[in-house]
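Input: a single structure, listed below in structure tokens.
Quantities reported herein were computed from a predicted structural model and do not represent experimental measurements. Sequential numbering from 1 along the given sequence is applied to the chain's residues.
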Amino acid sequence: MRRTGALALLSALAHSTLAAAESLPRGVGPEFAKFYTSKSTFTCIGNPSIILEPSQVNDDSCDCPDGSDEPGTAACAHIDPLSPEQPLPGSLTGTTNATNALPGFWCSNAGHVGSYIPFLYVNDGVCDYELCCDGSDESAHVGGVQCENRCDAIGKDHRRLEEERRQNKERSAKRRRTLVKEAREQRRRVEAKLGALKAELEGLEHKKADLQKRYEDIERSERNSMVKVKGQGGKLEILVNLAKNRISELRNALDKVLDQRDDLQDRVEQLEEILTKLKDEYNPNFNDEGVKAAVKSWEDYAAGQAGETKSDNLPDEDIMEMLKEDGETFGINWAEFESSDASDVDVVYNWEAYLPRPVNDFIREKINALRIWAMDNGILADNRSGANSESRQLTAAREALEAAKGDILSKTRSLEEQQRDLEKDYGPGDIFRALKGKCISSDVGEYEYELCWIDRTTQKSKKGHGNTNMGNFVRIDKDMADEEERADGKSLGKGERMVLRYENGQGCWNGPNRRTDVWLACAETDELWRVSESEKCVYRMEVGTPAACEDLQEPGPSVKDEL
């Protein structure tokens with residue numbers, strides 16, 4: 001089968017590469033092996049005109065201007081295009097201002113991952129296991145340093161970590177696919193709601209037009225009708241309404257007069273009590289003409305009151321009876337005098353009952369048309385100008401029309417809101433739509449920081465000093481991150497990253513409004529890693545989320561190869 005053949009081919013290539021590597025000079029990487037295969041001579045990689053003996057390779061003497069003859073020593077570590085020019089004895093160029101043809105010393109790290117290390121690290125007496133786990137960079141044993149080969153253990157740990165990262169990446173990608181599906185479903189719901197609102201608005205517009213026409217027809221018909229509605233009937237009903245209103249006004253006035261009488265009577269009693277006390281308690285030997293005159297006036301007043309015959313006053317009980325509201329069991333029953341639904345003008349139309357219906361309808365239509373023309377041209381007075389003259393039918397038509405207008409306004413606002421939501425940028429695949437309304441938080445020192453997706457960022461004091469708005473969501477940007485990978489994987493790393501901009505937060509003291517840049521990196525779950533203040537009132541949040549992972553496709557079904 002093809003797979004078995006491929007494995008055999010890879011095994012053979014690995015053995016041949018290993019055999020070739022064993023025959024190469026120390027420190028030569030696999031991509032440069034072709035320059036070191038000759039057994040008779042060596043040609044400088046960057047200077048083909050210079051040909052050396054094989055014994056000059058790795059002899060700890062820099063014979064090639066590009067250092068290609070010393071892949072396994074530090075003899076050419078000084079070569080740097082940025083180094084200053086200086087005489088170099090024995091150098092063909094005379095200076096160190098050159099570029100090394102090799103990227104560094106190659107550590108094959110069998111059992112782990114091969115890598116290049118700087119030439120300065122070669123034979124420096126330090127075991128650089130994190131870069132060269134096989135110890136081949138310290139072959140000279142400078143200072144007696146012996147670097148054992150630790151690639152098996154280090155490679156095992158590396159493969160374990162890589163497997164964990166791979167599994168985390170797969171879980172994160174799976175979670176991302178779930179978010180995309182949720183976002184797609186939510187967008188579909190918004191689109192469906194948008195379509196339903198448009199259909200409802202169209203129906204409401206037709207309904208409004210019908211209600212508007214009905215209201216105008218009823219209003220015109222009643223405005224030009226000679227038969228008046230209740231409250232605007234014949235003379236008797238008008239007189240009854242006037243009398244009823246007048247009696248109500250007199251009753252209210254009498255009630256206010258009684259209140260004033262009681263207040264004045266209370267004041268007189270208080271003054272009489274004061275003067276009586278003054279008369280009884282003043283000192284007649286104290287020669288005060290003003291007090292004596294006041295006492296004398298009081299005695300005259302009291303004598304007059306004692307000799308006065310009281311008139312027959314109306315008892316308060318009778319007055320209270322007069323203040324009672326009229327009704328069926330007390331006072332005047334106004335309902336008996338009010339007209340019925342038909343006014344006295346209805347008598348004029350009794351002759352219609354004796355006419356055939358077609359003739360009756362024809363005459364009524366012509367008379368109404370004539371009245372409408374007369375009313376519109378100011379010949380007849382408009383009897384419908386009163387604010388309280390609406391009939392129940394007209395009131396119902398007006399309320400139905402206003403309700404339809406209110407429904408249209410409400411639906412229009414909802415439609416505009418859904419349209420704005422549909423046009424809003426929720427990131428690639430609308431993925432942040434699935435996170436909208438959700439929040440994550442983290443404790444940092446004396447504060448708790450909270451990020452609400454596509455909403456706001458908040459700083460909450462643990463001492464109960466309230467919350468501070470650090471910014472409201474504005475847009476999604478891209479920016480370059482340049483951070484070293486952390487062992488726990490909670491870092492932005494290097495490369496282009498999504499950044500959510502939150503701006504126009506609460507103002508700082510003597511400073512600008514707060515804003516927050518939320519940097520996103522791939523993670524299996526939503527987690528707020530770090531919060532820092534890069535400058536005054538400008539915050540930086542580093543957040544892990546599956547929404548920032550790569551758009552990996554789900555693995556398809558395996559296909560059996562029968563070749």
Side-chain angles (χ1 to χ4, degrees), residues 183-233 237 241 339-343 345-346 349 352 357-426 430 433 436-437 454-455 472-473:
R184 189 181 299 118
E185 175 61 21
Q186 291 180 10
R187 183 180 180 87
R188 186 195 64 77
R189 292 176 184 172
V190 173
E191 291 173 344
K193 187 173 183 180
L194 198 62
L197 285 172
K198 289 180 179 178
E200 288 181 22
L201 274 174
E202 185 177 353
L204 286 173
E205 289 291 347
H206 291 301
K207 181 180 179 181
K208 173 192 167 186
D210 294 339
L211 291 173
Q212 182 74 39
K213 185 177 183 303
R214 173 175 171 78
Y215 173 74
E216 292 174 354
D217 290 344
I218 296 175
E219 182 186 35
R220 174 172 291 186
S221 175
E222 294 194 1
R223 179 166 55 89
N224 296 288
S225 176
M226 289 185 63
V227 180
K228 300 179 181 180
V229 297
K230 186 176 181 179
Q232 298 292 331
E237 185 174 355
N241 287 332
S339 63
S340 60
D341 293 338
S343 68
V345 183
D346 288 337
Y349 291 97
E352 293 182 353
R357 185 175 184 83
V359 177
N360 192 349
D361 293 341
F362 175 79
I363 294 175
R364 181 184 293 274
E365 180 182 354
K366 294 304 179 183
I367 293 176
N368 284 338
L370 180 61
R371 290 198 195 99
I372 291 171
W373 176 85
M375 290 288 187
D376 291 341
N377 289 275
I379 299 173
L380 293 179
D382 187 353
N383 296 324
R384 298 296 300 161
S385 59
N388 298 322
S389 59
E390 276 190 356
S391 67
R392 292 183 180 180
Q393 187 180 16
L394 183 60
T395 301
R398 178 176 52 78
E399 291 177 351
L401 178 60
E402 291 175 353
K405 291 180 179 179
D407 286 344
I408 290 176
L409 181 60
S410 176
K411 297 294 183 183
T412 300
R413 290 175 178 171
S414 180
L415 177 68
E416 293 173 352
E417 181 181 351
Q418 297 299 324
Q419 188 66 45
R420 286 193 299 269
D421 182 73
L422 203 60
E423 296 172 355
K424 192 172 183 179
D425 181 14
Y426 283 101
D430 260 9
R433 186 183 294 277
K436 182 181 178 181
I454 318 298
D455 187 7
N472 303 302
F473 175 75

Partners passing side-chain hydrogen bond (donor to acceptor under 3.5 Å, both in side chains) against [X] (at least two apart in sequence or in another chain):
{"X": "Glu423", "result": "Gln419"}
{"X": "Gln212", "result": "Glu216"}
{"X": "Arg187", "result": "Glu191, Asp430"}
{"X": "Lys411", "result": "Glu200"}

Exercise. Got a sec, which residues hit ring pair (Phe, Tyr, Trp, His ring centres under 6.0 Å) with Tyr426, two or more places apart in sequence or on another chain?
Worked result: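 Ring pair (Phe, Tyr, Trp, His ring centres under 6.0 Å) list for Tyr426, sorted by chain: empty.
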Exercise. For Arg189, what residues pass the salt bridge (Lys or Arg N to Asp or Glu O under 4.0 Å) criterion, not counting sequence neighbours?
Worked result: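 Testing Arg189 for salt bridge (Lys or Arg N to Asp or Glu O under 4.0 Å), a comparison that skips the adjacent residues, returns Glu185.
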Exercise. Does Asp217 have any salt bridge (Lys or Arg N to Asp or Glu O under 4.0 Å) partners at least two apart in sequence or in another chain, and if so, which?
Worked result: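 Result, salt bridge (Lys or Arg N to Asp or Glu O under 4.0 Å) vs Asp217: Lys213.
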For this session: Any pair with a residue in residues 412-421 that passes salt bridge (Lys or Arg N to Asp or Glu O under 4.0 Å), sequence neighbours left out, goes on the list, sorted by first then second residue, please.
Result: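 Applying salt bridge (Lys or Arg N to Asp or Glu O under 4.0 Å) to every pair that reaches into residues 412-421, excluding sequence neighbours, yields Asp421-Arg433, Asp421-Lys436.
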Exercise. Rounded to the nearest 0.5 Å, what separation is found between the CG atom of Leu409 and the CG atom of Leu204?
Worked result: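 Going from the CG atom of Leu409 to the CG atom of Leu204 covers 11.5 Å.
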Exercise. To the nearest 0.5 Å, what is the distance between CG (Leu194) and OG (Ser414)?
Worked result: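 So the gap between those two atoms works out to 9.0 Å.
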Problem set entry | Which atom of Leu394 lies closest to which atom of Tyr215, heavy atoms considered |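 So the minimum-distance heavy-atom pair works out to CD1-CE1, 3.5 Å.
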Exercise. Can you list every side chain to side chain donor-acceptor pair (under 3.5 Å) pair that touches residues 201-210, not counting sequence neighbours?
Worked result: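 As it turns out, there is no side chain to side chain donor-acceptor pair (under 3.5 Å) pair with a partner in residues 201-210 once direct neighbours are skipped.
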Exercise. How about Thr395 and Glu399: do any of their side-chain heavy atoms sit closer than 4.5 Å?
Worked result: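 They are in side-chain contact.
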Exercise. Any sub-3.5 Å donor-acceptor pair from Thr412's side-chain atoms to Ile408's backbone N or O?
Worked result: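 Confirmed, Thr412 side chain pairs with Ile408 backbone.
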